[in-house]
Amino acid sequence: MRTSEMLLPTLKEDPVDTVVISHKLMLRAGMIRQLASGLYTWLPLGLRVLKKVERIIREEMDRAGAQEVLMPGVQPAELWQESGRWSQFGPELLRLKDRHERDFCLGPTHEEVITDIVRREVSSYKQLPLNLYQMQTKFRDEVRPRFGVMRSREFIMKDAYSFDSNEDGLRKSYQAMYEAYCRIFDRFGLDYRAVLADSGAIGGSGSQEFHVLADSGEDEIVFSDGSGYAANIEKAECIASGNRNDPDEQMRKVETPTQKTIEALVNDFGIDIQKTVKTLIVRASDLCKADFIALILRGDHTLNEVKAENHPMVASPLTFATESEIEAVMGAGPGSLGPVNCPIPLVTDRQAAMCSDFGAGANENGWHYFGINWDRDCAAPKTADLRNAAEGDPAPDGSGSYLIRRGIEVGHVFQLGKKYSLAMDATVLDENGKQSVLFMGCYGIGVTRIVAAAIEQRHDDRGICWPRSLSPFDICIVPIGGNKNPAVDVEAVRIQNELQDRGLEVLLDDRNLGPGSRFADMDLIGIPIRIVVSPKTLEESEVELKHRTQDIVIRVPLSDILDNVITLE
RNA sequence: CGGGGUAUAGCGCAGCCUGGUAGCGCAUCUGCUUUGGGAGCAGAGGGUCGUUGGUUCGAAUCCAGCUGCCCCGACCA
């Protein structure tokens with residue numbers, strides 16, 4: 001490929017209205033252009049990268065025994081009504097009517113369609129296990145698309161769905177997908193982690209996410225420095241450390257007219273933040289007699305909303321009490337709440353339950369108690385894991401302590417179980433000739449998002465630094481001084497042909513621009529290896545070779561380019 | 001869906017306050033020169049100033065509605 005013939009609209013200046021690096025660099029490198037909010041056109045350079053991602057995924061999915069299918073993007077409402085999601089999904093499900101006024105939606109995911117095809121076409125356990133996957137455009141009418149293709153409305157997903165006749169089979173299918181995912185992400189050449197995840201709204205039990213590590217990631221992931229334990233912060237278990245000390249102090253009531261926050265309490269009274277607790281009031285579930293329930297956390301900890309919502313006594317979705325509801329129920333405002341004389345049920349975080357001689361609100365405006373001790377001053381707490389993990393916390397398997405990094409979620413594997421198969425009556429006959437409901441797994445990879453995530457992880461101040469496996473080209477050639485010595489251009493083309501004949505993808509930058517412009521563009525679009533041909537090097541029958549991420553330039557003989565290109569990888 | 005911006009040439013912006021028919025840089029086109037880190041000179045083309053309505057002799061400029069896009073929050077792969 002020659003740059004002079006390619007649509008490669010690179011930008012010298014930073015586009016405005018971009019907040020993450022990948023969005024900025026994808027626009028500057030001429031990979032994408034925005035059509036409307038959350039909708040992007042992939043230009044030739046970007047599409048080449050996208051196809052690299054797709055190809056690796058296809059190869060590994062096929063290797064793992066999955067079979068590719070292609071499903072409609074527009075789906076009939078009936079299927080969604082059957083699974084119950086027509087009403088569960090909010091406005092992010094884009095609904096439309098055809099000319100006959102029949103309801104359809106743009107598929108945000110394809111569980112219903114795949115379950116429908118399998119229930120129609122598979123009738124015996126002998127046809128299982130089965131794993132079908134698709135790679136295609138999906139649409140979610142995101143409330144707020146942002147960050148370029150990182151969170152767009154239309155995006156490409158690879159989704160695989162496994163079908164087994166029993167739970168054991170599901171576990172095997174899941175494990176096979178997990179391993180395929182590890183191979184896929186290894187091949188991308190990105191630094192990633194597989195972490196335990198909350199299964200969220202999609203439902204199901206076992207679930208792991210794959211995250212590409214990047215400081216700009218939207219998720220916090222937690223992992224042990226002493227073992228392989230890794231989890232999304234939503235899921236990362238927090239165990240109690242240490243023991244509860246016996247009381248040293250008497251409980252005393254202290255006037256705190258202006259201290260409405262833990263910070264103020266700590267600053268104004270000089271007490272240890274680990275000797276304070278905070279009290280949050282949320283709506284209780286039907287299991288609870290009261291309308292509200294109090295959640296207690298140590299002062300320096302933060303509430304994990306997913307854990308709280310999953311607690312049986314807490315209403316889902318998690319709903320915080322309003323200030324007036326708090327006043328009505330507790331008899332005091334949010335700055336003065338605590339476990340002593342608390343009129344509603346309490347659930348205490350494991351670590352907060354380890355506190356002794358601690359301070360908390362008195363449930364009376366303007367007053368706190370100090371020197372509180374569980375059992376003695378208020379009822380022994382019902383405990384639960386309610387808080388977000390913090391760096392340095394002990395890992396639950398006792399292996400070490402937690403580190404926290406940021407990640408971009410690019411893959412998710414689920415054991416769905418019978419959620420859809422039961423709702424949609426997807427069954428087969430088992431060995432005993434009885435109808436048995438299928439066990440499903442689903443396995444997604446955000447294909448378009450991978451491209452952005454790769455850039456987030458691999459860039460420098462000059463542009464993108466593609467890993468070899470994702471780069472739009474393997475090598476670029478920049479001829480310089482062809483006007484002084486026509487042999488330069490001849491030789492550049494010859495080298496291009498030679499390398500292409502050996503199966504490499506080569507970009508020849510033959511544009512009539514100064515060397516500086518072309519070097520800058522080649523750095524920007526991130527081709528891993530650059531060959532410079534010039535009269536100077538040609539006199540000695542050599543070219544220059546440079547790796548995108550290394551500052552050194554090496555001279556290699558014309559006869560020896562291929563070997564050197566390979567060793568530079 | 002709440003809150004806040006913003007809309008003028010392909011891109012980035014000025015002009016608006018104080019109304020008089022649009023300008024700068026980059027990019028593009030032509031010619032000549034130029035080729036080791038985003039070249040020089042000379043010339044040229046390109047905008048119903050988001051849209052609709054109002055005020056006015058006259059609106060990019062003042063007023064109102066609508067729309068797009070962006071940011072912050074709640075939501076998500």
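Throughout, a chain's letter reflects where its sequence line sits, starting with A, and its residues are numbered from 1. What you are looking at is a predicted structure, and each value in this text was computed from that prediction instead of being measured.
Residue contacts for A:Val16: at a heavy-atom cut-off of 4.0 Å it reaches the sugar-phosphate backbone alone, with no base atom in range. Heavy atoms of A:Arg530 sit under 4.0 angstrom from at least one base atom.
Between the base of B:G12 and the side chain of A:Asp14 there is no donor-acceptor pair shorter than 3.5 Å. No hydrogens or angles were tested; on distance alone, a donor-acceptor pair under 3.5 Å links the side chain of A:Arg28 to the base of B:G38.
The existence of a salt bridge linking A:Arg555 and A:Glu540 is confirmed by a sub-4.0 Å separation between a basic side-chain nitrogen and an acidic carboxylate oxygen. Under a 4.0 Å N-O distance rule, the pair A:Arg153/A:Glu142 does not qualify as a salt bridge. In this structure, A:Glu59 pairs ionically with A:Arg55, as a charged nitrogen and a carboxylate oxygen lie closer than 4.0 Å.
Atom CD of A:Glu409 and atom P of B:C76 are 12 Å apart (whole Å). In this structure, A:Arg146 atom CZ and B:A74 atom C1' are separated by 10 Å, rounded to whole Å. One can place CG of A:Asn232 at 13 Å from C1' of B:A77, the figure rounded to the nearest angstrom. Residue A:Leu524 contributes atom CG, which lies 18 Å from atom P of B:G37 at whole-angstrom precision. What separates CD of A:Gln34 from P of B:G68 is a distance of 13 Å, to the nearest Å. Separating the CG atom of A:Asn512 from the P atom of B:G31 is a distance of 12 Å, rounded to the nearest angstrom. Atom CD1 in A:Ile480 sits about 17 Å away from atom P in B:U34, given to the nearest Å.
A:Ser534 has no side-chain polar atom (N or O) that falls below the 4.0 Å cut-off from OP1 or OP2 of B:U35. Considering only side-chain N and O atoms, A:Arg144 lies under 4.0 angstrom from the phosphate OP1 or OP2 of B:C71. Contact between the side-chain N/O atoms of A:Ser37 and the OP1/OP2 oxygens of B:C70 is found at a separation under 4.0 Å.
For the pair A:Arg193 and A:Phe223, the cation sits on the ring face: its NZ or CZ lies under 6.0 Å from the ring centre, inside 45° of the axis.
Here B:G36 is the nucleotide among B:G38, B:G36, B:A77 with the atom lying nearest to any side-chain atom of A:Thr537.
Remark: the separation of the P atoms in B:U67 and B:U28 is 38 Å, to the nearest Å. Across the P atoms, B:U61 and B:U18 are found 14 Å apart, a figure rounded to whole Å. Nucleotides B:G31 and B:C13 are separated by 30 Å at their C1' atoms, to the nearest Å.
Residue ring and base: A:Phe519 does not count as stacked with B:G38 (centre distance below 5.5 Å and interplanar angle below 30° not both satisfied).
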